[in-house]
Amino acid sequence: MRTMLTLVLIFLYINIANAQFTDAPLTNSTFTNSSQIEFTPKKTLFSKRIIPVALIATGILLSTSSFEKSLQKDLRNMLGDDFYFGMDDYTRYAPVVEMYAADILGAKSKSHWFDQTKNLVLSSIISNGASSLLKREVHKYRPGGSTNANSFPSGHTTTAFTTATVLYEEFKDTNPLLAYSGYFFAITTGSLRMFNNMHYLSDVLVGAGIGILSVKLVYHFNHLISWNPFKKLDGIAFAPQFSEKSVGFYLSRTF
């Protein structure tokens, strides 16, 4: 496990170093003449990575430490060994419901609903893929003497922060209150994973970092995946559908 964590830390360090050289995409005014290159100041990918990388690095350093084991024990002593509140199965998807509800109600967002969905799906594939890979490779046991060795990182928290960050990216410039509200559900999800004795603090921190980082990467390179067949079509209705065991989408066209 320590070898795997060391490799992850090295990967994060390389990403931080490389990010400093991706400050801004080239624009029409990039080449002012044949011998001079001009860069347009933009928020760098490095600055977007600071928070998620810090969360992941902190989680890795805390993993299997006596501190997080003591913290988990104190939480269970405070709440009681029988405590379990299953809302974390639903709060992880709450930001998605918020986003599409806002679209239906006419709130102004950064992207078209198809682009929102595309970015959400791509971000989820990256974040959940990374989370699943780490679960298999790290092989960390869940708290409470569980025999399930898939604790690191928290998949619920990964999903929650993925959906919350997509909501944030879509509404941060037009509706900050809505944009940040998704993180309330994401933090609630991560907290409940610990309260329910399903994960340690490090599992939650790394899951949050992976979720945020995946979305930041997708939106940073959004110009490379700008295809949208619905952008010029009117009369399209779109909404998510949730059931106890599945998540789907409803799409209709009015002629």
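A side-chain N or O of Thr159 and one of Asn128 form a donor-acceptor pair less than 3.5 Å apart. Thr91 and Thr189 are linked by a side-chain donor-acceptor pair at a separation below 3.5 angstrom, with hydrogens and angles left out of the test.
Heavy atoms only, all atoms of each residue included: Ser109 and Asp103 are closest at OG-OD1, 4.0 Å. Closest of all the heavy-atom pairs between Leu213 and Arg49 is CD1-CG, 3.7 Å. Across all their heavy atoms, Lys172 and Glu169 have their closest contact at NZ-OE1, 3.2 Å. Taking both residues in full, the closest heavy atoms of Gln72 and Asn197 are given as NE2-OD1, 3.0 Å, listed atom of the first, atom of the second, then distance. The two residues Asp88 and Phe85 make their nearest non-hydrogen contact at OD1-O, 3.7 Å. Listed here is the closest heavy atom pair of Ser111 and Glu170: N-OE1, 2.8 Å.
Between the Thr163 side chain and the Arg92 main chain, a donor and an acceptor come within less than 3.5 Å of each other. Remark: the backbone N or O of Ser123 is paired with a side-chain donor or acceptor of Ser127 at under 3.5 angstrom. At distances below 3.5 Å, not a single donor-acceptor pair connects side-chain atoms of Ser63 with backbone N or O atoms of Gly59.
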CA sep, side-chain torsions, deciding dist, call: Leu217, Ile126, side chain to side chain contact (heavy atoms under 4.5 Å, CB included): CA-CA 10 Å; Leu217 288 171; Ile126 295 172; 5.5 Å; no
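Leu192 and Met78 fall within the same hydrophobic cluster, where Ile, Leu, Val, Met, Phe, Trp and Tyr residues are linked whenever their side-chain heavy atoms come under 4.5 Å apart, directly or through other members. Val166 and Phe184 fall into different hydrophobic clusters, where Ile, Leu, Val, Met, Phe, Trp and Tyr side chains are chained together by heavy-atom contacts under 4.5 Å. Under the 4.5 Å side-chain heavy-atom criterion for Ile, Leu, Val, Met, Phe, Trp and Tyr, Phe171 and Phe185 are members of distinct hydrophobic clusters. Note on Leu105 and Val97: separate hydrophobic clusters, where clusters join Ile, Leu, Val, Met, Phe, Trp and Tyr whose side-chain heavy atoms are under 4.5 Å apart, directly or indirectly. By the criterion of side-chain heavy atoms lying less than 4.5 angstrom apart, applied directly or through intervening Ile, Leu, Val, Met, Phe, Trp or Tyr residues, Leu75 is not grouped with Met198; the two fall into different hydrophobic clusters.
Between the OG1 atom of Thr165 and the CG atom of Asn119 there is a distance of 12.5 Å, given to the nearest 0.5 Å. In this structure, Leu62 CG and Phe67 CZ are separated by 6.5 Å, a value rounded to the nearest 0.5 Å. One distance of note links CZ of Arg193 with OG1 of Thr188; it measures 13.5 Å at 0.5 Å rounding. Note: His156 NE2 to Tyr90 OH = 9.5 Å, rounded to the nearest 0.5 Å. Between Lys110 atom NZ and Asn175 atom CG the span is 15.5 Å, to the nearest 0.5 Å. Rounded to the nearest 0.5 angstrom, Ile60 CD1 and Leu55 CG are separated by 11.0 Å.
Tyr141 meets the ring-ring contact (aromatic ring centres under 6.0 Å, His included) test with His139; sequence neighbours excluded. Applying the ring-ring contact (aromatic ring centres under 6.0 Å, His included) criterion to Tyr180, with sequence neighbours excluded, gives Tyr168.
Leu177 CG: 12 or fewer foreign heavy atoms inside a 6.0 Å radius. Within a 6.0 Å sphere centred on CZ of Phe83, heavy atoms belonging to other residues, nucleotides or ligands number more than 12.
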Would you give me the side-chain donor-acceptor pairs under 3.5 Å for residues 200-211, sequence neighbours excluded?
unit_1 : atom_1 : unit_2 : atom_2 : d
Ser202 : OG     : Glu68  : OE1    : 2.7
Ser202 : OG     : Glu68  : OE2    : 3.3
Ser202 : OG     : Lys140 : NZ     : 2.7
Asp203 : OD1    : Lys140 : NZ     : 3.0
Asp203 : OD2    : Ser151 : OG     : 2.4
Asp203 : OD2    : His199 : ND1    : 3.4
Asp203 : OD2    : Tyr200 : N      : 2.8

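Counting heavy atoms from C-beta outward, Phe114 and Thr117 have side chains that stay 4.5 Å or more apart.
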